[in-house]
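Both backbone and side-chain heavy atoms feed into the values below; hydrogens, waters and symmetry mates do not. All of these numbers come straight from a predicted model, not from anything done at the bench.
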Amino acid sequence: MEPLPIELRRAGEARLAALLWRAPAAAPGVVIVHGAGSRKENHADFAEACARAGMSALALDLRGHGQSAGSPDAGMLDDVLAALERLAAQGAAPLGLRGSSLGGFLALHAAARHPAVRAVVALCPPSSERIARLLGDDWPLGLPLAPAVARADGVARGYWHARGDERVPWAGTMSLAALTPQPRRLRIAMGGDHQSLQHDPAVIAETVSFLVEQLGA
C-alpha cells in the first residue's frame, strides 16, 4: 500500500508534513512518532506493518524535522495531538501511538491527554532531563513522565528497550513500567543499541501485535 502525503495544520501553528496509510473506515489508527533528528520516512516499515494488520497509520514529521516547518520546541507535543485528531476526524477508532526515543517520550504524554487513545508503545523513552540536555532547552523539565504513565485511565502502555542502549539507560524504562498500572507490557532486549529496536522485525511484529490486541483491529 502506497502512503498518501498529507499536511496537518492548526490555527497559528507550524505546517506539518505526514504520510497516511489509510485502512477502511472505523478501523483503529496509529500515530507513529520519530525521534530527534529523524523523519517520517524512517518509520515506513512499521507503518506498513500496521496497515497489513488492518490499522490506519499516520507517520508525521515533528516541527523542525523533515518537511515540517517550525523549530523543535514544546509545540512538538501539540504536533502529536494534531496527528491523533486527524485520524479521529477520518473515522479511525480507537487510537494508538508508537514513538521512538523522543517520540516515545511525546507519545506517552499524548496518550495521557487524548481521550481516544487506548494503547501506546514507547521504544527506549528518555527522561525529561535527558531530553532537555539533548535539545539544550528547559521545556521538557515541565513534562515529567511519571505522572503521565501512572494514570489509571485504561490506556495500555507497552515499553521496549535495548539493554545495550548507549544513550538512554534501560533501567529508566524499568522504573516507568513499575509505575504503570495494568494493562502494561515490558520487554528488555539483550544487546542492541538506542536505535536497533525500531527496525528489528521481531520487535515490529511484537509491537504491532500489542496494538492489534489492545485496539481490537
Side-chain angles (χ1 to χ4, degrees), residues 1-10 13-23 29-52 55-87 90 92 95-111 114 117 120-126 128 130-137 139-140 143 160-162 165-168 192-201 203-204 207-208 211:
M1 178 189 299
E2 288 297 316
L4 176 68
I6 61 172
E7 265 190 19
L8 307 177
R9 285 185 179 272
R10 282 179 140 191
E13 293 288 342
R15 176 188 60 79
L16 303 175
L19 293 173
L20 175 64
W21 288 256
R22 191 167 185 179
V30 179
V31 169
I32 302 164
V33 194
H34 62 73
S38 189
R39 59 190 303 160
K40 58 189 182 300
E41 289 84 1
N42 293 344
H43 300 281
D45 52 355
F46 185 78
E48 290 165 358
C50 288
R52 288 193 297 270
M55 301 183 288
S56 290
L58 191 159
L60 78 155
D61 282 336
L62 295 166
R63 63 184 65 196
H65 292 78
Q67 296 174 309
S68 290
S71 300
D73 55 25
M76 290 189 291
L77 179 53
D78 292 329
D79 299 344
V80 181
L81 294 171
L84 290 166
E85 289 168 9
R86 177 63 174 266
L87 282 181
Q90 295 184 173
L95 301 179
L97 292 146
R98 185 263 209 173
S100 307
S101 190
L102 167 65
F105 172 86
L106 295 171
L108 289 169
H109 278 290
H114 198 290
V117 172
V120 56
V121 168
L123 305 182
C124 304
S128 56
R130 285 185 177 273
I131 297 280
R133 288 197 296 272
L134 172 68
L135 300 179
D137 202 328
W139 67 260
L143 293 171
W160 274 256
H161 209 122
D165 190 333
E166 75 286 5
R167 300 184 192 174
V168 179
D193 57 40
H194 186 60
Q195 295 181 314
S196 62
L197 300 189
Q198 298 176 28
H199 306 294
D200 184 309
V203 173
I204 289 176
T207 50
V208 170
L211 291 168

Student: To the nearest 0.5 Å, how far apart are SG in Cys50 and NE2 in His43?
Tutor: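 Cys50 atom SG to His43 atom NE2 measures 12.0 Å (nearest 0.5 Å).
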Student: Please report the shortest heavy-atom distance between Gly64 and Pro72, naming the atom on each side.
Tutor: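 In terms of heavy atoms, the two residues are closest at CA-CD, 4.0 Å.
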Student: Considering residues, nucleotides and ligands other than Glu166, do more than 12 of their heavy atoms fall under 6.0 Å from its CD?
Tutor: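 Above 12, so yes.
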Student: Determine whether a donor-acceptor pair (N or O, by modelled atom type, separation under 3.5 Å) exists between the side chain of Arg86 and the backbone of Leu8.
Tutor: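 A pair under 3.5 Å: no.
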Student: Just so I know, are the side chains of His114 and Leu97 near enough to count as touching, which here means a heavy-atom distance under 4.5 Å?
Tutor: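 Sidechains of Leu97 and His114: no contact.
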Student: Of the non-hydrogen atoms in Trp160 and Val121, which two are nearest, and what is the gap between them?
Tutor: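 That closest heavy-atom pairing would be CE3-CG1, 3.9 Å.
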Student: Over all heavy atoms of both residues, which pair between Leu211 and Met55 is shortest? Give the atoms and the distance, please.
Tutor: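 In terms of heavy atoms, the two residues are closest at CB-CE, 4.2 Å.
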Student: Nearest 0.5 angstrom please: Glu85 CD to Gln90 CD, how far?
Tutor: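 Glu85 CD to Gln90 CD: 12.5 Å, rounded to 0.5 Å.
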Student: I'd like to know if the side chain of Arg130 reaches the main chain of Arg167, judged simply by a donor and an acceptor atom lying under 3.5 Å from each other, with no hydrogens or angles considered.
Tutor: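 Judged by distance alone, yes, a pair lies under 3.5 Å.
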Student: Do you know which two heavy atoms are closest between Leu19 and Pro5, and how far apart they sit?
Tutor: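 That closest heavy-atom pairing would be CD2-CA, 3.9 Å.
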Student: Side chains of Cys124 and Ser100: does their closest heavy-atom pair fall under 4.5 Å?
Tutor: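 A side-chain contact under 4.5 Å is absent here.
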Student: What's the shortest heavy-atom distance between Pro125 and Val168, and which atoms?
Tutor: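 Scanning both residues, the minimum pair turns out to be O-CG1, 3.6 Å.
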Student: Which pair of heavy atoms, one from Val80 and one from Leu60, lies closest together, and at what distance?
Tutor: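 Residues Val80 and Leu60, closest heavy atoms: N-CD1, 4.4 Å.
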Student: Give the C-alpha distance, both sets of side-chain angles, the deciding distance and a yes or no for side-chain contact (heavy atoms from CB on, under 4.5 Å) between Arg22 and Leu4.
Tutor: CA-CA 8 Å; Arg22 191 167 185 179; Leu4 176 68; over 6 Å; no
Student: Once rounded to the nearest 0.5 Å, what's the spacing between atom NE2 of His199 and atom CG of Leu123?
Tutor: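 It comes to 10.0 Å.
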Student: With side-chain contact (heavy atoms from CB on, under 4.5 Å) as the criterion, how do Met76 and Leu102 come out once you've worked through the C-alpha distance, each side chain's angles and the decisive distance to 0.1 Å?
Tutor: CA-CA 10 Å; Met76 290 189 291; Leu102 167 65; 3.9 Å; yes
Student: For residues 32-40, dump all side-chain donor-acceptor pairs below 3.5 Å to protein atoms at least two apart in sequence or in another chain.
Tutor:
| residue | atom | partner | partner atom | Å |
| --- | --- | --- | --- | --- |
| His34 | NE2 | Leu62 | N | 3.0 |
| Ser38 | OG | Asn42 | ND2 | 2.9 |
| Arg39 | NE | Glu41 | OE1 | 2.9 |
| Lys40 | NZ | Asp61 | OD2 | 2.6 |
| Lys40 | NZ | Gln67 | OE1 | 2.8 |

Student: Excluding sequence neighbours, so at least two apart, what forms ring pair (Phe, Tyr, Trp, His ring centres under 6.0 Å) with Trp21?
Tutor: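 Residues passing ring pair (Phe, Tyr, Trp, His ring centres under 6.0 Å) with Trp21: none at all.
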Student: Can you tell me how far apart CZ (Arg15) and OG (Ser68) are? Round to the nearest 0.5 Å.
Tutor: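 Between Arg15 CZ and Ser68 OG, I get 6.5 Å after rounding to 0.5 Å.
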Student: To the nearest 0.5 Å, what is the distance between NE2 on His65 and CG on Asp79?
Tutor: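 The distance works out to 10.0 Å.
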Student: Starting at CG of Leu87, measure out to CG of Leu95 and round the result to the nearest 0.5 Å.
Tutor: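 If we round to the nearest 0.5 Å, Leu87:CG and Leu95:CG are 6.0 Å apart.
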